[in-house]
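The structure appears right after this line, and notes come after that.
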Amino acid sequence: MKIVILPNKKICKYGKVLKFNKLNNKENLCDFLIKNKININNNCGGFGRCSSCLVFINEGFSFFELKLLKFNYILSCQLYDIDRNIIISVFL
(Lines give C-alpha, C1' and ligand atoms only; values in the text may rest on other atoms or scores of the structure.)
Protein backbone atom coordinates (compact mmCIF):
# COMPACT_ATOMS: atom_id res chain seq x y z
CA MET A 1 0.00 0.00 0.00
CA LYS A 2 1.06 3.62 -0.45
CA ILE A 3 0.83 7.00 1.16
CA VAL A 4 1.29 9.71 -1.44
CA ILE A 5 2.39 13.08 -0.06
CA LEU A 6 1.59 15.90 -2.45
CA PRO A 7 4.30 18.53 -3.06
CA ASN A 8 4.67 21.27 -0.48
CA LYS A 9 7.30 24.03 -0.70
CA LYS A 10 8.49 23.70 2.91
CA ILE A 11 7.89 20.10 3.94
CA CYS A 12 8.20 17.92 0.86
CA LYS A 13 9.21 19.99 -2.16
CA TYR A 14 8.68 17.33 -4.83
CA GLY A 15 6.17 15.12 -3.07
CA LYS A 16 6.88 11.57 -2.03
CA VAL A 17 5.44 8.07 -2.18
CA LEU A 18 5.85 5.96 0.96
CA LYS A 19 5.14 2.24 0.78
CA PHE A 20 3.94 0.20 3.74
CA ASN A 21 2.23 -3.08 4.57
CA LYS A 22 -0.22 -1.79 7.20
CA LEU A 23 0.22 0.70 10.00
CA ASN A 24 -0.38 -1.07 13.29
CA ASN A 25 -2.29 0.06 16.37
CA LYS A 26 0.85 1.50 17.94
CA GLU A 27 2.05 3.63 15.02
CA ASN A 28 0.10 6.66 13.87
CA LEU A 29 0.47 8.54 10.60
CA CYS A 30 2.53 11.31 12.20
CA ASP A 31 5.10 8.84 13.58
CA PHE A 32 5.24 7.05 10.22
CA LEU A 33 5.89 10.31 8.36
CA ILE A 34 8.62 11.38 10.79
CA LYS A 35 10.22 7.93 10.58
CA ASN A 36 10.31 8.35 6.78
CA LYS A 37 11.98 11.79 6.97
CA ILE A 38 8.90 13.91 6.30
CA ASN A 39 9.41 16.88 8.63
CA ILE A 40 5.87 17.28 9.88
CA ASN A 41 5.35 19.43 12.97
CA ASN A 42 4.60 17.48 16.14
CA ASN A 43 4.66 20.10 18.90
CA CYS A 44 2.62 18.22 21.52
CA GLY A 45 4.32 14.85 21.04
CA GLY A 46 1.31 13.17 19.44
CA PHE A 47 -1.35 13.87 22.07
CA GLY A 48 -3.72 15.71 19.73
CA ARG A 49 -3.56 19.02 21.62
CA CYS A 50 -1.76 21.43 19.31
CA SER A 51 -3.10 20.84 15.77
CA SER A 52 0.40 21.23 14.33
CA CYS A 53 0.34 17.85 12.54
CA LEU A 54 -2.82 18.60 10.55
CA VAL A 55 -3.09 16.86 7.18
CA PHE A 56 -5.66 17.02 4.43
CA ILE A 57 -6.87 13.67 3.09
CA ASN A 58 -7.15 14.23 -0.66
CA GLU A 59 -8.16 10.66 -1.38
CA GLY A 60 -8.58 7.41 0.51
CA PHE A 61 -11.00 8.07 3.38
CA SER A 62 -14.40 9.61 3.58
CA PHE A 63 -16.20 11.25 6.47
CA PHE A 64 -18.47 8.22 6.83
CA GLU A 65 -15.53 5.85 7.23
CA LEU A 66 -13.67 7.84 9.86
CA LYS A 67 -15.48 9.67 12.68
CA LEU A 68 -12.47 11.90 13.42
CA LEU A 69 -12.40 13.22 9.87
CA LYS A 70 -14.15 16.53 9.35
CA PHE A 71 -13.95 18.30 6.00
CA ASN A 72 -11.15 15.86 5.07
CA TYR A 73 -8.75 17.34 7.68
CA ILE A 74 -7.35 15.23 10.50
CA LEU A 75 -4.52 15.35 13.00
CA SER A 76 -2.00 12.81 11.74
CA CYS A 77 -1.18 11.82 15.34
CA GLN A 78 -4.77 10.56 15.70
CA LEU A 79 -4.85 8.40 12.57
CA TYR A 80 -3.99 4.73 13.21
CA ASP A 81 -4.63 1.47 11.35
CA ILE A 82 -4.23 2.73 7.80
CA ASP A 83 -5.03 -0.21 5.57
CA ARG A 84 -5.45 1.43 2.15
CA ASN A 85 -3.75 3.83 -0.21
CA ILE A 86 -4.17 7.47 0.72
CA ILE A 87 -3.14 10.78 -0.80
CA ILE A 88 -2.41 13.58 1.67
CA SER A 89 -1.36 17.21 1.80
CA VAL A 90 0.78 18.21 4.76
CA PHE A 91 0.46 21.70 6.29
CA LEU A 92 2.68 23.75 8.57
Side-chain angles (χ1 to χ4, degrees):
M1 288 177 265
K2 299 184 285 189
I3 296 174
V4 177
I5 298 127
L6 296 179
N8 176 305
K9 289 181 182 178
K10 294 183 180 180
I11 293 178
C12 193
K13 188 174 183 178
Y14 300 106
K16 195 166 188 176
V17 176
L18 303 174
K19 295 182 180 183
F20 67 99
N21 291 328
K22 181 181 186 250
L23 296 187
N24 60 38
N25 289 337
K26 296 178 184 176
E27 184 175 38
N28 58 42
L29 178 60
C30 186
D31 292 338
F32 181 77
L33 294 174
I34 291 169
K35 184 173 78 175
N36 285 280
K37 298 182 173 122
I38 302 298
N39 295 323
I40 189 168
N41 290 331
N42 187 11
N43 296 334
C44 70
F47 292 102
R49 299 183 193 273
C50 68
S51 301
S52 65
C53 66
L54 189 69
V55 296
F56 181 82
I57 306 290
N58 297 80
E59 189 176 311
F61 285 105
S62 72
F63 174 77
F64 299 106
E65 294 174 300
L66 192 61
K67 292 177 185 175
L68 294 172
L69 196 61
K70 186 172 185 177
F71 304 115
N72 286 18
Y73 290 94
I74 191 166
L75 298 177
S76 63
C77 67
Q78 302 300 306
L79 187 55
Y80 292 86
D81 285 332
I82 299 174
D83 61 355
R84 66 188 72 197
N85 296 334
I86 61 171
I87 299 173
I88 63 170
S89 298
V90 178
F91 298 97
L92 292 176

(message) Could you tell me if the side chain of Ile5 sits less than 4.5 Å from the side chain of Leu33, heavy atoms only?
(response) yes
(request) State, to 0.1 Å, how close Ser52 and Asn43 come at their nearest heavy-atom pair, and which atoms those are. (result) OG-N, 3.1 Å
(request) Hey, could you give me the SG/CG distance between Cys30 and Leu75, rounded to the nearest 0.5 Å? (result) 9.0 Å
(message) Please give me the minimum heavy-atom distance between Gly46 and Cys77, naming the atom from each residue.
(response) CA-CB, 3.6 Å
(request) Rounded to the nearest 0.5 Å, what's the gap from CG on Leu79 to CD on Glu27? Could you check? (result) 11.5 Å
(request) Mind checking ring pair (Phe, Tyr, Trp, His ring centres under 6.0 Å) for Tyr80 and listing every partner two or more places apart, or none if nothing turns up? (result) none
(request) To the nearest 0.5 Å, tell me how far Ile74 CD1 sits from Cys53 SG. (result) 9.0 Å
(request) Consider only side-chain heavy atoms of I, L, V, M, F, W and Y, link residues closer than 4.5 Å, and tell whether Ile34 and Phe47 are in one cluster. (result) no
(request) With rounding to the nearest 0.5 Å, note down the distance linking CG in Leu6 to SG in Cys12. (result) 9.0 Å
(message) Is it the case that the side chain of Asn72 and the backbone of Phe56 share a donor-acceptor pair, with hydrogens and angles ignored and the cut-off at 3.5 Å?
(response) no
(request) Work out which heavy atom in Pro7 is nearest to a heavy atom in Lys13; give both atom names and the distance. (result) CB-O, 3.5 Å
(request) Heavy atoms only: give me the nearest Cys44-Gly48 pair and the separation to one decimal. (result) SG-N, 3.5 Å
(message) Would you compute the distance between atom CD of Glu59 and atom CG of Asn85 and round it to the nearest 0.5 angstrom?
(response) 8.5 Å
(request) Under the side-chain contact (heavy atoms from CB on, under 4.5 Å) rule, what do Val4 and Val17 come out as? Steps first, then yes or no, please. (result) CA-CA 5 Å; Val4 177; Val17 176; 4.2 Å; yes
(message) Could you tell me if the side chain of Ile3 sits less than 4.5 Å from the side chain of Asn36, heavy atoms only?
(response) no
(request) State whether the number of non-hydrogen atoms from other residues, nucleotides or ligands found under 6.0 Å of Asn21 atom CG is greater than 12. (result) no
(request) Following the transitive rule for hydrophobic clusters with a side-chain heavy-atom cut-off under 4.5 Å over Ile, Leu, Val, Met, Phe, Trp and Tyr, establish whether Val90 and Ile87 coincide in one cluster. (result) no
(message) Using 30° and 60° as the class boundaries, would you call the ring planes of Phe32 and Phe20 parallel, tilted or perpendicular?
(response) perpendicular
(request) Any chance you could measure Asn41, atom CG, to Phe91, atom CZ, to the nearest 0.5 Å? (result) 12.5 Å
(message) Looking at every heavy atom in both Ile88 and Val55, which two are closest together, and how far apart are they?
(response) CD1-CG1, 4.4 Å
(request) Taking all non-hydrogen atoms of both residues into account, name the closest pair between Ser76 and Ile40 and its distance. (result) OG-CD1, 3.5 Å
